[in-house]
Asks: 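Here's a structure for you.
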Amino acid sequence: MELDEKKYLYLLFLLPIVVCIFLFNMYWKRKKQREFGDLEMVKRLSPERSVFKPVLKLSILLLALACLIIGLVNPKIGTKMETVKREGIDIVFAVDVSKSMLAEDVAPSRLEKSKQLVSQIINNLGSDRIGIVAYAGSAFPVLPITTDYSVAKMFLQSMTPDMVSSQGTSLDDAIRLSSTYFDEKSKTSKLLILISDGEDHSEGASAAAEEANKLGMKIITIGIGTEKGGTIPLKENGIVKSFQRDQNGEVVITKLNQDGLKAIAKATKGGYVYGGSTKEVLDYIKNALNNIQKTEFEATQMADFQSQFQWFLGFAFLLLFVDIFLLERKTNWIKELNLFNEKK
């Protein structure tokens, strides 16, 4: 079971508030009755008034409110399993999370811009399988090949420079780790979308790209940053405390290296696109995907979740309808039972 709109669960706090209002109202009525006169005399003046009915009406109201709130939350239940066949390609996103990606020469920062681009690309995919790799001085697997785009975007947003211990930028490690995501024997088209500012501190990126080409991989590189460059802010609680400095104490200026990224793409007959414009990137990726042959994936079992909100809303309205006709006077057969030992 899954909850579609979890934010509405906070409305359940209304239930104890309603109970408190009811108890305060009962206390206030009892206090006013004492001021009016003797309680026994007041009871005799209103013999048809039931002690049980107000509690029953409150219970019905609370249950109706609870059903309305659960209806807004919209619980979904997997009622059946069905076989789904997909047609597409395998795509791995390799995202640079080195400290140079914290530079803000591209708003809001190179890393955040990279996340936005990947998220938008995922939104425009159809039935393709995707995986995510993070890299800096070394590469780190973030998410294996999957068709669950919502989980992919959740993992994407959690990516920071802190997830990779060794700093620097090793494009060859990113390419080699990404290649392990693909099944060499599979005929499914393999695409690596590598996002970086191109500042490579290794020397084997071209060789790794050539190896990838032999495996049938195509690499599209996306350049993030500006050739003018920018400083690397070091923040605490969102406030800039200092800037990254080199061994000589000089403030580091990190710049976009497009040539290196273009060379990697060329080695696999892929392509390069500058990541400054989201629309240009999306159009470029869309055109590239249209030119890549798609294959049918192996049949997958998928849970088909059905919304259940209508049952809760229907029951809530039924309870509210019943509450309209439920008067606070004693019901004859209950009055005969005399559950509360009331004096007749």
Side-chain angles (χ1 to χ4, degrees), residues 86 88-102 110-123 125 127-186 188-222 224 260-261 264-265 267-268 270 275 285 289 297-298 300:
R86 296 175 176 269
I89 67 173
D90 288 343
I91 304 173
V92 173
F93 294 94
V95 182
D96 188 348
V97 293
S98 60
K99 284 188 176 180
S100 64
M101 295 295 285
L102 297 176
R110 294 179 183 178
L111 181 56
E112 290 303 316
K113 179 65 174 180
S114 299
K115 293 179 182 180
Q116 291 173 9
L117 288 174
V118 174
S119 182
Q120 289 297 320
I121 293 172
I122 292 174
N123 288 340
L125 295 178
S127 302
D128 306 295
R129 296 185 297 196
I130 60 175
I132 301 177
V133 167
Y135 67 95
S138 59
F140 178 82
V142 176
L143 183 71
I145 290 289
T146 181
T147 55
D148 194 332
Y149 293 169
S150 60
V151 170
K153 287 190 284 187
M154 181 182 69
F155 275 87
L156 177 69
Q157 295 305 317
S158 66
M159 295 171 66
T160 66
D162 297 330
M163 67 190 308
V164 181
S165 57
S166 57
Q167 284 303 312
T169 306
S170 181
L171 294 172
D172 58 328
D173 274 1
I175 296 171
R176 290 193 177 95
L177 178 60
S178 298
S179 66
T180 64
Y181 275 52
F182 303 113
D183 184 357
E184 293 183 23
K185 298 179 181 179
S186 174
T188 305
S189 298
K190 308 171 182 66
L191 175 64
L192 169 60
I193 298 179
L194 188 146
I195 305 170
S196 175
D197 54 22
E199 284 196 340
D200 189 10
H201 297 277
S202 64
E203 298 178 354
S206 296
E210 291 175 3
E211 292 174 13
N213 185 48
K214 293 177 182 178
L215 296 173
M217 287 173 56
K218 190 181 291 292
I219 301 177
I220 293 177
T221 54
I222 301 176
I224 301 293
L261 296 174
I264 292 172
T268 62
I285 298 296
L289 293 176
F297 298 147
E298 187 176 355
T300 306

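Side chains are part of it too, since the values below use all heavy atoms of this structure and drop only hydrogens, waters and symmetry mates. This is a predicted model, so every value here is computed, not measured.
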Asks: Determine yes or no for a side-chain-to-main-chain donor-acceptor pair under 3.5 angstrom, with Asp197 supplying the side chain and Ile224 the backbone.
Replies: no
Asks: Determine whether Met217 and Thr268 make a side-chain contact, defined as any pair of heavy atoms from C-beta on separated by less than 4.5 Å.
Replies: no
Asks: Walk me through it: do Ile91 and Leu289 pass the test side-chain contact (heavy atoms from CB on, under 4.5 Å)?
Replies: CA-CA 10 Å; Ile91 304 173; Leu289 293 176; 4.0 Å; yes
Asks: When you look at Ile220 and Ile285, which way does the side-chain contact (heavy atoms from CB on, under 4.5 Å) test go after all the steps?
Replies: CA-CA 8 Å; Ile220 293 177; Ile285 298 296; 3.9 Å; yes
Asks: Grab the two heavy atoms, one from Ile122 and one from Ala152, that are nearest each other, plus how far apart they are.
Replies: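 Heavy atoms only, the tightest pair is CD1-CB, 4.4 Å.
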Asks: Grab the two heavy atoms, one from Asp173 and one from Gly137, that are nearest each other, plus how far apart they are.
Replies: OD2-O, 3.8 Å
Asks: Output the distance between atom CG (Leu111) and atom CD (Gln116), rounded to the nearest 0.5 Å.
Replies: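 Leu111 CG to Gln116 CD: 10.0 Å, rounded to 0.5 Å.
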Asks: Provide the closest heavy-atom pair for Val95 versus Ser114 in the form atom of the first, atom of the second, distance.
Replies: CG1-CB, 4.2 Å
Asks: Could you give the distance from CG (Leu171) to CD1 (Ile264), rounded to the nearest 0.5 Å?
Replies: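 That separation rounds to 4.5 Å.
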Asks: Looking only at non-hydrogen atoms, find the nearest pair between Ser178 and Val92 and report the distance.
Replies: OG-CG1, 3.7 Å
Asks: How long is the straight-line distance from OG of Ser196 back to CE of Met101, given to the nearest 0.5 Å?
Replies: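 The OG atom of Ser196 is 6.0 Å from CE of Met101, to the nearest 0.5 Å.
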Asks: On a heavy-atom basis, which atom in Leu194 and which in Tyr135 lie closest, and how many Å separate them?
Replies: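 Taking every non-hydrogen atom into account, CD2-OH, 3.4 Å.
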Asks: Do Ile121 and Phe93 come close enough that some side-chain heavy atom pair is under 4.5 Å?
Replies: yes
Asks: How long is the gap from CD on Glu199 to NZ on Lys99, to the nearest 0.5 Å?
Replies: 14.0 Å
Asks: Might you work through the side-chain contact (heavy atoms from CB on, under 4.5 Å) test for Glu211 and Ser179, ending with a clear yes or no?
Replies: CA-CA 9 Å; Glu211 292 174 13; Ser179 66; over 6 Å; no
Asks: Got a donor-acceptor contact below 3.5 angstrom from the Tyr181 side chain to the Ile132 backbone?
Replies: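 Side chain of Tyr181 to backbone of Ile132: a pair is present.
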Asks: Once you round to the nearest 0.5 Å, how far does CD1 of Ile193 lie from CD1 of Ile219?
Replies: 11.5 Å
Asks: So among Leu156, Val151, Asp148, which one has a side-chain contact (heavy atoms from CB on, under 4.5 Å) with Leu143?
Replies: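 Among Leu156, Val151, Asp148, the one that satisfies the side-chain contact (heavy atoms from CB on, under 4.5 Å) with Leu143 is Val151.
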Asks: Evaluate side-chain contact (heavy atoms from CB on, under 4.5 Å) for Lys153 paired with Asn123, printing each intermediate quantity in order.
Replies: CA-CA 9 Å; Lys153 287 190 284 187; Asn123 288 340; 2.7 Å; yes
Asks: Search all heavy atoms of Leu215 against all heavy atoms of Lys190 and return the closest pair with its distance.
Replies: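 Heavy-atom minimum between the residues: O-CD, 4.0 Å.
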Asks: For the pair Lys115 (side chain) and Gln157 (backbone), establish whether a donor and an acceptor sit closer than 3.5 Å, ignoring hydrogens and angles.
Replies: yes
Asks: I'd like to know if the side chain of Ser189 reaches the main chain of Ile89, judged simply by a donor and an acceptor atom lying under 3.5 Å from each other, with no hydrogens or angles considered.
Replies: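 Not a single qualifying donor-acceptor pair exists.
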Asks: Is there a side-chain contact between Thr147 and Ser127 in this structure, where contact means two heavy atoms from C-beta onward sitting under 4.5 Å apart?
Replies: no
